[in-house]
Chemist: 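Following this message is one structure expressed as structure tokens.
Below, chains carry the letters A, B, ... as their sequence lines are ordered, and counting in each starts from 1. In this text, all values refer to a predicted model and were calculated from it rather than measured experimentally.
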There are 2 protein chains.
Amino acid sequence: MKDTEQSIIEAAILIFNEDLSAPLEKVADQAQVTRRTLHRYFKDRKELMDKCQKEIRKACAIAMSNAYNTSENPRERLEAMFYAGLDCGSKNTFLHKLHTLHDHKHQAANEECSEYDDTFELWKGNLQVLLTKGVINQGMTVDWIHNFFQSVVVVFINSQQRGPLSRAEARQLAWFSFSKGIGI
Amino acid sequence: MKDTEQSIIEAAILIFNEDLSAPLEKVADQAQVTRRTLHRYFKDRKELMDKCQKEIRKACAIAMSNAYNTSENPRERLEAMFYAGLDCGSKNTFLHKLHTLHDHKHQAANEECSEYDDTFELWKGNLQVLLTKGVINQGMTVDWIHNFFQSVVVVFINSQQRGPLSRAEARQLAWFSFSKGIGI
DNA sequence: GTAAAATGTCTCAAATGTGTGACATTTTGG
DNA sequence: CCAAAATGTCACACATTTGAGACATTTTAC
């Protein structure tokens, strides 16, 4: 039997990523269940949202960590982690979006923020190494590169949703645009 | 006297860009008026949204058209139009977002879609010229480049909202990431 | 200063979204 | 096939959002 709870979470990530205040009915529709069933798994909107964030952080952190460990070489790590980010797809971008919302106050004290930072700690650390070594174009900042990375993931997702490009072609293009775009 | 209608539209573009289903009260707050006043100018949510789209298309189309006419050279046109896109900021990205929504059916017959296409007709036409001439990296598609362009605008906006980069620095970085990212 | 225009305040009805109980139906696993 | 679990259907109370009327207050233009 398919895991209803999981499919509702995946649906919620898709829907909320496009429309944060979307009615729960939209999420239920996307997950192909009734609103009543959704409420059997999640007490309310907040609980669903929390579970989404937990799921996202878990998936992204694992993928990034695995990619990090595929190599000792910072340059190779960058590429592996980049592809890992692509594979996390909308989970990746949704997490980043929540973190950059206008009314979102960024504080280290804030639990969710520090968890966000943790998620991309390895990624940003590796970026810093490449910056210091001069592999990446001067003038770039870690924040710019990170935002740029997230944006390229969005482009990749869009191209998959309606474009004629195969996944492999899109991955190639994405890496090209990202790596050249940061001056490698 | 300041133009209330216009400031409500600007506020709505900001708010809806982050949260499509945000309550109108948020828009009113952002525009520093009462919800009652908002409703004096706009019959309902749909009318406000339509006015936003109209405003956006007008602003983007004018900016792009002006930039197009600054030069006869496709390569210089590209750069001028890129900066024009940056200057349109969230108007630019919101229009693109609406156009790439999941439940949005893209059809040439659709009036809004064709208007969207019109808005970036010059931009895409110029891209095609550069692609054909081989100035831009092969393998790139006009759609990819256009999505990529929109993404870089988002990075630029984010960097302005909370980053330490000056507008001029951010513009430079943006052009670097974009131009290199498409293989110029 | 004054009249007109614009906006705010208060109020309310309608529409929409939310969460849950009761019970029917379907699906699952043995 | 059968009992249990999961899900759907319907109904309901409640909260929030929406749109507008009536009137007070403020702002604008002259």
Chemist: Is the backbone N or O of A:H146 less than 3.5 Å from a side-chain atom of A:K124, with the two atoms forming a donor-acceptor pair by type?
Modeler: no
Chemist: Starting from C1' on C:dG8, measure out to CG on B:D29 and report it in whole angstrom.
Modeler: 14 Å
Chemist: Check B:K54 with B:D50, please: is the shortest side-chain N to carboxylate O separation under 4.0 Å?
Modeler: no
Chemist: Between P on C:dT7 and CD on B:Q32, what's the gap in Å once rounded to a whole number?
Modeler: 13 Å
Chemist: Quick check against the 3.5 Å criterion: does B:S177 have a side-chain atom that pairs as donor or acceptor with the backbone of B:A174?
Modeler: no
Chemist: Looking at residues at least two apart in the chain, or sitting in another chain, which of them share a side-chain hydrogen bond (donor to acceptor under 3.5 Å, both in side chains) with A:T141?
Modeler: none
Chemist: Nearest whole angstrom, please: distance from the C1' of C:dT20 to the CZ of A:R45.
Modeler: 18 Å
Chemist: Give me the distances for all protein-to-nucleotides 20-25 of chain D N/O pairs that come in under 3.5 Å?
Modeler:
from   : atom 1 : to    : atom 2 : distance (Å)
D:dA20 : OP2    : B:K43 : O      : 3.4
D:dG21 : N7     : B:R36 : NE     : 3.4
D:dG21 : N7     : B:R36 : NH2    : 3.1
D:dG21 : O6     : B:R36 : NE     : 3.0

Chemist: Of all of residues 9-21 of chain A, which get a heavy atom below 4.0 angstrom from DNA chain C, listed by number?
Modeler: none
Chemist: I need the CG-C1' distance between B:D3 and C:dA6, as an integer number of Å.
Modeler: 12 Å
Chemist: What integer distance in Å separates B:M49:CE from D:dT17:P?
Modeler: 16 Å
Chemist: Just N and O in the side chain of B:T37: are any of them under 4.0 Å from OP1 or OP2 of C:dG8?
Modeler: yes
Chemist: Could you tell me which residues satisfy ring pair (Phe, Tyr, Trp, His ring centres under 6.0 Å) with A:Y68, sequence neighbours excluded, listed by chain and number?
Modeler: none
Chemist: Could you list the residues that satisfy salt bridge (charged side-chain N to carboxylate O under 4.0 Å, His left out) with B:R45, not counting sequence neighbours?
Modeler: none
Chemist: Side chain of B:L24, heavy atoms from C-beta onward: which of D:dG19, C:dG19, C:dT9 has the nearest atom to it?
Modeler: D:dG19
Chemist: Whole-Å distance between C:dG19 P and A:E25 CD?
Modeler: 13 Å
Chemist: Counting just side-chain N and O atoms, does A:Y41 come under 4.0 Å of either OP1 or OP2 of D:dT7?
Modeler: yes
Chemist: Could you list the donor-acceptor pairs under 3.5 angstrom formed between side-chain atoms of residues 18-28 of chain B and any protein atom two or more places apart in sequence or on another chain?
Modeler:
from  : atom 1 : to     : atom 2 : distance (Å)
B:E18 : OE1    : A:H102 : N      : 3.3
B:E18 : OE2    : A:H102 : N      : 2.8
B:D19 : OD1    : A:S21  : N      : 3.2
B:D19 : OD1    : A:S21  : OG     : 3.0
B:D19 : OD1    : B:S21  : N      : 3.4
B:D19 : OD2    : A:S21  : OG     : 2.5
B:S21 : OG     : A:D19  : OD1    : 3.1
B:S21 : OG     : A:D19  : OD2    : 2.5

Chemist: Between A:R35 and A:D29 (salt bridge meaning N to carboxylate O under 4.0 Å), is one present in this structure?
Modeler: no
Chemist: Could you tell me whether the side chain of A:S71 and the main chain of A:N73 form a donor-acceptor pair under 3.5 Å?
Modeler: yes
